[in-house]
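Reading through the structure tokens given below for one structure.
Keep in mind the model is a prediction, meaning the values are calculated, not measured. Counting convention: from 1, in listed order, for ligands and their atoms alike. Each residue takes its place number in the sequence, starting with 1.
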Amino acid sequence: MSNKLQKWAVLDIETTGLDPDYDELIDIGFLQFEGTRLLKTYSSLVRPSSDIPLPHFIQKLTSITPKMLEGAPQFSVVAPELLELYGSHILAHNSTFEKGFLEPHFKKIDDGTQRESFEDSLFILSLMFPEKSNLGLERFLSDWGVRKKEVHRGLEDSIDLLKVMLIAGELVSLDSEKRQTLISLFLKYEMDNYWPLNFLTITTEERLEIANQINFEFQDGLQKARQFEMGPIEQKEDLIPWIKTEFSGENIKSILREESKIKEALPYYSYRKLQEDLAVRLGQSFKNNIHSIIQAPTGTGKTLGYLLPATLFAISEKEQVLVSTGTKTLQNQILSKDVPDLFKLTGLDREKIKIKKLIGSKNHLCELLFREESNKINLSFEEKITEIYFGMVFFQNSRKLSNEPVTRQEIPYVLKKKLQGFEKREGQIAVDFRSCTGMKCPFKNECSYIEGIRQARDANVIIGNHSLMYSWIKSFPRPGYIIVDEAHKLEKETTEAFSFEAGQSGLETFQKNLKNLSGIGSLFYLLASKEKSVGESTPKINFLREKLTRQADLRLGALNPISGLFEEYFKRMPRYTAIFWNEAPLIKLNEKNDPIVISMAQKIFEVFRILLEVKSILAPYSESFNIYELIEENEIKAITKFNTFMGGLDDLLTAFDYAVNPKEYYTNSMKYHEEFGYLISSSPINVGKMVFEGLLSKSQSVVFTSATLGSFKGNSGPKGIEWALGYTYLTPEKRFKNGLYLDPIYDYEKNAKIFLCDDVPNLYDSNFLPKALNPVFKLIRKLSGRSLLLFSAKERFEAAREMLIKEFEGEIPLFIQGMGSGVVEEFKKSSNGILLGLESFGEGIDIPGDDLVFVFIDKIPDLRMDLVIQDRRDFFERTFGNEFTDYYLAQRANSLHQKLGRLLRTANDRGGAIIVDSRIKTWKGKTLEKFFGLMKPYVLERGSINNACQEISDFIPPTFPKN
Ligand code: SF4
């Protein structure tokens, strides 16, 4: 028996809540080992010592009831069993939680000998599988076929975790290159004593021995996991192209009308006139080089409706087309579903017609920057894990270029939360297109950024996103023909793209880099390597060193008091909040009535001056090196690092320039957050002009599309969206006179009953939820579930969750956001469940049929009241008039449309919705009338919540027959 593993255990606990200072243990389970020998299997419920109520959510999650705990032993009885693990390595998933609850008990018996250590399986799994963006135990369990769902009980979860770790260890040991890379990274960072590494490197026989003792069919489990990891074997279909690739309205129509032919490839296809209208309008836009707006309601078949003409255009006109999406989800959905469907439908050869994904440079990771900084010493444990993780990411990318590379989008959020400094490191090694040397770089062959560009450059159609559209890569021009999908999100994206911010952490990092000459050291290297005679560069280097470090010290004086000034200034504000960002208009130098304001303004100006000076010292050098003349690998690395430093300096300078020298149509503000410190920010007011100048005037044809741009005929509130999309600024010959607002596919008037109820207390009143939900509970009961409830704040969602579990547990299945990644699918399958989540959770939920017939929304969505939004409203009113209807109300109606869009997903669906909002009582009749107009084709009715429930109950028979 090997004793490499020493004394160890796999452990899991359940508690009354998340706070170790307040909550208590209710369940504990562990498997205790010595080497590979199982010593003990332990499981016990634990009776809390105090009167802490057992939350309904915990009961639901764990299936532990107060009754079960009544007869359970108290912790004092369980403690001796647990404390036997003193001195062991305790493996747990997300072990910070277990440590928080258990460590104090081990501390009490600390006798000076080797203490227990809590080992987090989450870290080692992230290093073994850097391509996985979800590190939840349940993800591994279901992906690898160990179990469908996490049980959330101490012993069961411990056993499941051990199974996952055994499989993971074996998968890595079968991949000798990966195993070797991982081990050498651990050695590089002197982590050869890290216990999870010992676990990873045990032999297959030892794994089998452990597996046998927990009755785990190891080979069977391994095979399922390997199958999953290898992915489905792609069946190459022999498609026969049957369409003509000519780009003409007639051809597009004739293809879409071949319903029976298309059905052979896509059985769900049906001809839709509105889809054809969309495709034809897009074709007209591209053909005539004009811009257009198309609203395509749910059910139009929008994506196929634009992909088909866009592809025909790209082929026959030999022009590249860019499809820009608003979310990563849509971008991936187009590539995984709609693009394959297009190839099936047309029979076109996907080897010849290239439709490729492209993401912005800052979403990629730069190996050169990583390697340059990866030899630091005296790193903390968290920093070492971070370095090993990124080392494994680059290893993964070097061998998976043909598949999906790991980009910043795939990095698990949990690592950013758990590892201090992780996010900063990630930012440091993000690609900066200004400094990338491309073909000169020694890492170019493994670089996901370069590979992405290479593929996109040759593509006929590029599937990108809105932010990429504004910060297009420098290697090839942005396509002149663009489809902007989810165009309702463009205002936000445009704001972000043209906003400039500089904050406390960015400035502090810059100051530190300047002081340590980090990045500038690379300039010294270049100067020395290019000197014509020995020592020629020394005086120059000494001069720069002296001058720049003095600037950094000067900056010290300028920077340090700023944070305190911001804090003092904001804490005086009557509406100061300790948990969110506080915002105020940026102070001006001439506001000399307040000493704090004067000091703040002076400090900001001082920082700007110092940044300008640093720039003026370094700029001549950044221009003096020609990348094409540099040959040596070290020179390429040095110029990349120096230019990255200069890029960071430029970003700071721009932000300070906008703050110190206000620009027309920009809102300058300052912000303060107790955790993140201060920030100065400048955001564009006239986003429409930005879209016009940054996009429309530089493109041949841009087609904006979305399911929700304005009211259904575009006759109410289109001015706001036309302005936000830059359409207003176009000359008549560059646009269609009006947007194309396609008729709704579904009969909303007949098939949806939507109520706006104001007979509820204020949102923040403690009676709000009981008053709003109790009548709704009766309705849900009558409907046998089939309901979705969306809440706009976490506190309300959590309180409602407790009420719902108490009310329905054991009667109607509840599916709650946070209970695993498959809740929506499980809700769908149940056919009689209740689905509950925050409003963002509702986005994109697609549940056709009568599994979802009722939606509850806890308020009419608000418009964010940032300073820039307020300025935008004023600007709109001054320039175009009636901002209230065309901008403010239109935006809120649009958000509500998005939420109600979950209700009817097919022509046969029927459903009801209740939106509660006491604020409606104060709305004037005219305002309501306008809002109702904006909400068409929905017909909103006002009434009491009881009446609304009754009407919806009558409207939807308990088992609504499908036609
Ligand atoms: S090619 Fe550019 S982005 Fe890629 S590793 Fe090299 S410098 Fe970084």
Do the side chain of Glu531 and the main chain of Gly535 share a donor and acceptor less than 3.5 angstrom apart? yes
Between Phe498 and Tyr470, is the ring centroid distance below 6.0 Å? yes
Please list, in number order, the atoms of ligand 1 under 4.0 Å from a heavy atom of [X].
X	answer
Cys366	3 (S), 5 (S), 7 (S), 8 (Fe)
Val431	3 (S)
Ile450	1 (S)
Tyr449	3 (S)
Leu368	5 (S)
Glu367	5 (S)

Does NZ or CZ of Lys418 come closer than 6.0 Å to the centre of the six-membered ring of Phe123, within 45° of the ring's axis? yes
Salt bridge or not between Lys357 and Glu404? Use side-chain N to carboxylate O under 4.0 Å. yes
Is there a side-chain contact between Ile334 and Leu307, using heavy atoms and a 4.5 Å cut-off? yes
Between atom 4 (Fe) of ligand 1 and Cys441, is there an N, O or S atom separated by less than 2.8 Å? no
Atom 2 (Fe) of ligand 1 has as its nearest protein heavy atom Cys436 SG, 2.3 Å
Protein heavy atom at shortest distance from atom 4 (Fe) of ligand 1: Cys447 SG, 2.4 Å
For Thr407 and Glu410, which I'm curious about, is there any donor-acceptor pair between the side chains at under 3.5 Å? yes
I would like to know whether Phe186 and Thr201 meet side-chain contact (heavy atoms from CB on, under 4.5 Å); could you show each step before the answer? CA-CA 12 Å; Phe186 273 109; Thr201 52; over 6 Å; no
